[in-house]
Amino acid sequence: MAADARPNATTQRTPHEDGWDLAVVGAGPAGLTAALTAADRGLTVALIDAAPRPGGQYHRHPHPAPGRAPAGRDRSAFGTQRRRLDDHQRAGRITYLPDRQVWSVQRTPTPGAQPGWALRTTATDGHPAADVPTVRARGLLLATGAYERQLPFPGWTLPGVVGAGGAQAMLKAGLVLPGRRVVVAGSGPLLLAVAAALLEAGARVPALVEAGDVRRYAREPRALLAGLTKSGEALRLGVTLLRHGVTPHTRTAVTAAHGDDRVAAVTLARLDDAWRPVPGSERTVDCDALAVGHGLVPQLDLAGQLGCATRPACDGTPALVVDAAQRTSVPRVWAAGEPTGIGGADLARHEGELAARAAALDLGGRPRPAGAPTALLRRRRALRRFADTMARVHRPGPGWTHWLSDATDVCRCEEVTAGAVRTAVRKDGAADPRTVKLLTRAGMGWCQGRMCSPAVACLAAQGDGAAPLPTTRRPLAYPVTLEDLAALPPEPAAGTDAPAAGPPAPTT
């Protein structure tokens, strides 16, 4: 299969009387690896993804410009995975369902002794899925990825202010620059990659600022050795920056953006150890765009529906609790990749393979070779150790809320200001994000709190900017129409088995 070809979602598939053995949600590095590993071991797999092509954000597919090299890294290995996916599709072992969102997961009876899962899906364009709107499977593997963490500041709603990951996606997928003079700011290793990509695409980067204190890496040399590949990658990106005359500034943040109809300048300030702006350190930098982000937050909407146990990760985000085989606290539900804690593509692939091996063992596939290789487990531990070190270094300090004036919008969807949230906490007795939400509508907009939840959680903790994010449980993980709800089949009568929904009959 050509490198830019899309796997065919309607390739010949073999019907399965009782649905699929395993449903994998997400076709990024973790989900794609898991689906291929499970199919190799004899399981029938439904691979569901919101994107039109596999690979996730890491292997985002490029705009088909003449002579343009593919986006992302490890393209040769990824190309091999795509060819394997195509082979498994033709053989009927994997049913690939792109361009759709899973908005609900429910436990459902199956002919066997163990319960299964019913996944309700809708097309990403807002229309009901024409084929297989409900996926039924005996096991479920969550590889749902993550989204960017944004910390608000005065002016962050101006046009031209984009997420750091969003700027990278614009470049990868559409060859689009957010501006010609782009300040890159926030915290986390993604900033180096974004700045380097912008420079190589022809933009200027007048400032690259990292809020964290990267000297803390030196305190954990074992973790640095564990992430030697990542350390080498950071070094290569640093060389690119120096070649373009860009020197990163650490312990510095954008504390305000300025402009009328578009961002025209930003205020930079030095930060103390708690991430409070140091008085007198402010300076203004002219720009026409700002790419800002403070790491990633695991996407746990479906896991929250299922009641999977979570833990506070080292960066303050919630992550799923999993055992050595990637099993969650809910039977027959596995998780891999960012939902278990932000760790990057390499760790996601290792976890995806381990989760699929465990699923094959538990669901009666071919567990060859028996057990997980020691080297695979050892490498996962090393990568997780390095990921935890990164999380501690770049975790927002408790003083970042000092950037926020009372007039700063915290919830952009509902236009709720920091002052309104502070009033709810100090005067109305709100002690948690849920109560703040009920009093102010913060988090009730279209994004359902994904953008504002870090700020609301920290303000609800009365200024503790390092407060862990809560785990949200919603009956719907994705906005759906009444048409989707009306199209649902009737619930089976008590004491009867739910009708199974397997792959469609083979096409000719």
Side-chain angles (χ1 to χ4, degrees), residues 22-35 37-38 48-50 56-58 101-107 117 119 137 139-149 295-359 362 372 377 380-381 383-388 390-392 395 448-450 453-454 457 467-475 477-478:
L22 182 68
V24 178
V25 183
L32 182 57
T33 300
T37 303
I48 312 166
D49 193 51
Q57 296 297 325
Y58 186 82
Q101 292 275 3
V102 178
W103 56 270
S104 176
V105 178
Q106 296 178 324
R107 189 184 298 271
W117 304 102
L119 289 73
L140 173 62
L141 196 155
L142 299 174
T144 46
Y147 55 91
E148 278 197 274
R149 171 162 53 185
L296 301 173
V297 179
Q299 178 64 269
L300 301 182
D301 287 342
L302 293 177
Q305 281 189 5
L306 298 171
C308 296
T310 62
R311 61 179 178 85
C314 297
D315 58 358
T317 61
L320 294 180
V321 174
V322 293
D323 65 11
Q326 303 298 133
R327 299 181 183 92
T328 70
S329 62
V330 177
R332 292 204 171 189
V333 177
W334 297 263
E338 312 297 36
T340 68
I342 305 302
D346 290 342
L347 178 57
R349 282 188 286 263
H350 283 74
E351 290 189 345
E353 182 174 346
L354 287 169
R357 286 172 176 266
D362 292 355
L377 293 169
R380 182 189 59 179
R381 284 194 297 269
L383 290 170
R384 175 55 66 191
R385 187 184 306 122
F386 181 71
D388 288 347
M390 286 197 300
R392 284 189 289 270
R395 175 174 178 162
Q448 290 292 285
R450 291 179 180 87
S453 58
L469 299 181
T471 301
T472 303
R473 299 187 66 172
R474 301 186 182 95
Y478 181 79

*List for me each residue that meets side chain to side chain contact (heavy atoms under 4.5 Å, CB included) alongside Glu148, sequence neighbours excluded, and say none if there are none.*
Gln150, Ala164, Leu296
*By side chain to side chain contact (heavy atoms under 4.5 Å, CB included) - contacts of Ala309 (at least two apart)*: Val321, Ser329
Heavy-atom pair with the smallest gap, counting every atom of [X] and [Y]:
X: Ala319; Y: Ala313; result: CB-CB, 4.3 Å
X: Gln305; Y: Val105; result: OE1-N, 2.9 Å
X: Pro298; Y: Pro339; result: CB-CA, 3.9 Å
X: Arg450; Y: Ala477; result: NH2-O, 3.4 Å
X: Trp334; Y: Gly139; result: CZ3-CA, 4.0 Å

_Set of salt bridge (charged side-chain N to carboxylate O under 4.0 Å, His left out) partners for Glu351, sequence neighbours left out_ = Arg384
_Could you work out, with salt bridge (charged side-chain N to carboxylate O under 4.0 Å, His left out) as the rule, every residue matching Arg392, not counting sequence neighbours?_
Glu220
*Return each pair, listed once, that meets salt bridge (charged side-chain N to carboxylate O under 4.0 Å, His left out) where at least one residue sits in residues 308-320; pairs must be two or more places apart or across chains.*
none
If you round to the nearest 0.5 Å, how far is [atom2] of [Y] from [atom1] of [X]?
X: Leu142; Y: Glu338; atom1: CG; atom2: CD; answer: 13.5 Å
X: Trp103; Y: Leu119; atom1: CH2; atom2: CG; answer: 11.0 Å
X: Asp388; Y: Ile342; atom1: CG; atom2: CD1; answer: 11.5 Å
X: Leu320; Y: Leu300; atom1: CG; atom2: CG; answer: 5.0 Å

*asked:* Please evaluate residues Leu347 and Arg380 with respect to the criterion side-chain contact (heavy atoms from CB on, under 4.5 Å), reporting the C-alpha separation (whole Å), side-chain torsions for both, the decisive distance (0.1 Å), and the verdict.
replied: CA-CA 6 Å; Leu347 178 57; Arg380 182 189 59 179; 3.7 Å; yes
*asked:* I'd like to know whether Thr340 forms a side-chain contact (heavy atoms from CB on, under 4.5 Å) with Gln326, so could you lay out the CA-CA distance, the side-chain angles of the two residues, the decisive distance to 0.1 Å, and finally the verdict.
replied: CA-CA 9 Å; Thr340 68; Gln326 303 298 133; 3.9 Å; yes
Please tabulate, one pair per line, all N/O donor-acceptor pairs under 3.5 Å involving side-chain atoms of residues 24-34, not counting sequence neighbours.
residue : atom : partner : partner atom : Å
Thr33   : OG1  : Pro29   : O            : 2.7
Thr33   : OG1  : Gln81   : NE2          : 3.1

*asked:* Checking Glu353 against Arg357 for the salt bridge (charged side-chain N to carboxylate O under 4.0 Å, His left out) test, could you report, in this order, the C-alpha distance in whole Å, the side-chain angles of both residues, the deciding distance, and whether it holds?
replied: CA-CA 6 Å; Glu353 182 174 346; Arg357 286 172 176 266; 3.0 Å; yes
How about [X] and [Y]: do any of their side-chain heavy atoms sit closer than 4.5 Å?
X: Trp117; Y: Arg107; value: yes
X: Arg395; Y: Cys314; value: no
X: Leu140; Y: Leu306; value: yes
X: Asp346; Y: Phe386; value: no
X: Asp301; Y: Gln448; value: no

